[in-house]
Asks: 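Starting off with a structure, shown below.
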Amino acid sequence: MTETKWEEDRERLEQRLREHEQLALESQAEAAVYRDMLQDCYKAAAQALADNDVTLLHKMTGKLDFNWMPTEQNVKQWGKYFLDAYLRDARWLNDAMNALEQIKDYAERLSEDNASNAELKQLIIDAAENGLITHV
């Protein structure tokens, strides 16, 4: 293995590691938003069940109104992670859409010299068109 090839491989691996680290940070930020709230809800629900007392449910539902305010640093950091995750997903969806359009284009070029080819061509085109529908 040449020195240049080794350095290219190393740089590629470092880039992949940075991408995986970013994904991990984004996932942790998403989980941090809900973890404490869910833990409090589970505690209140467990206590309500143990005491057979539904008046404790306000402790659970009261946690769902977002009275807790994160610090400015939390907001900035979480916002950055959410934005990064959104942009990553948007790029992925754009790539998927481009791939479906390419598949549809290739399928339209297939010959229909027999019934099974014509049917296969139509199935591929239909599947690609279904994937290209904007699902909201």
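Everything quoted here is computed from the prediction, not taken from an experiment.
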Asks: Who pairs with E7 by salt bridge (charged side-chain N to carboxylate O under 4.0 Å, His left out), at least two apart in sequence or on another chain?
Replies: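 E7 satisfies salt bridge (charged side-chain N to carboxylate O under 4.0 Å, His left out) with no other residue.
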
Asks: Taking only residues two or more places apart in sequence or in another chain, which ones pass salt bridge (charged side-chain N to carboxylate O under 4.0 Å, His left out) with E14?
Replies: R10

Asks: Under 3.5 Å, which donor-acceptor pairs link side chains of residues 85-102 to any protein atom two or more places apart or in another chain?
Replies:
residue: R88; atom: NH1; partner: E26; partner atom: OE1; Å: 2.2
residue: N98; atom: ND2; partner: N94; partner atom: O; Å: 3.4
residue: Q102; atom: NE2; partner: Y106; partner atom: OH; Å: 2.8

Asks: Using side-chain contact (heavy atoms from CB on, under 4.5 Å) as the criterion, list what pairs up with T4, not counting sequence neighbours.
Replies: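 Here the qualifying residues are T2, E8.
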
Asks: Start with the C-alpha distance between Q15 and E11, add both sets of side-chain angles, then the distance that settles side-chain hydrogen bond (donor to acceptor under 3.5 Å, both in side chains), and finish with yes or no.
Replies: CA-CA 6 Å; Q15 179 60 33; E11 183 59 38; over 6 Å; no

Asks: Just jot down the side-chain hydrogen bond (donor to acceptor under 3.5 Å, both in side chains) partners of Q73, sequence neighbours excluded, or say none.
Replies: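 Here no residue qualifies.
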
Asks: Who pairs with E119 by side-chain hydrogen bond (donor to acceptor under 3.5 Å, both in side chains), at least two apart in sequence or on another chain?
Replies: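 side-chain hydrogen bond (donor to acceptor under 3.5 Å, both in side chains) check on E119 returns nothing, list empty.
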
Asks: Going by the rule side-chain contact (heavy atoms from CB on, under 4.5 Å), which residues pair with N114 if we only count those two or more places apart in sequence or in a different chain?
Replies: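 Result, side-chain contact (heavy atoms from CB on, under 4.5 Å) vs N114: S116, N117.
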
Asks: Are D126 and Q122 side-chain neighbours, meaning at least one heavy-atom pair lies under 4.5 Å?
Replies: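 Yes - at least one pair of side-chain heavy atoms lies under 4.5 Å apart.
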
Asks: Residues in side-chain hydrogen bond (donor to acceptor under 3.5 Å, both in side chains) with E112, at least two apart?
Replies: K121

Asks: By side-chain hydrogen bond (donor to acceptor under 3.5 Å, both in side chains), which residues pair with R12, not counting sequence neighbours?
Replies: D9

Asks: Under the rule for salt bridge (charged side-chain N to carboxylate O under 4.0 Å, His left out), what residues qualify as partners of K43, not counting sequence neighbours?
Replies: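 Once residues adjacent in sequence are excluded, K43 has no partner under the salt bridge (charged side-chain N to carboxylate O under 4.0 Å, His left out) criterion.
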
Asks: Please write out which residues are connected to L120 in a hydrophobic cluster, directly or through intermediates, given that two of Ile, Leu, Val, Met, Phe, Trp, Tyr count as joined at side-chain heavy-atom separations below 4.5 angstrom.
Replies: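 Grouped by the 4.5 Å side-chain rule, I103, L110, I124 form the rest of the cluster around L120.
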
Asks: Sequence neighbours left out, what passes salt bridge (charged side-chain N to carboxylate O under 4.0 Å, His left out) with R16? Give chain and number order.
Replies: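 Checked R16 against salt bridge (charged side-chain N to carboxylate O under 4.0 Å, His left out); zero matches.
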
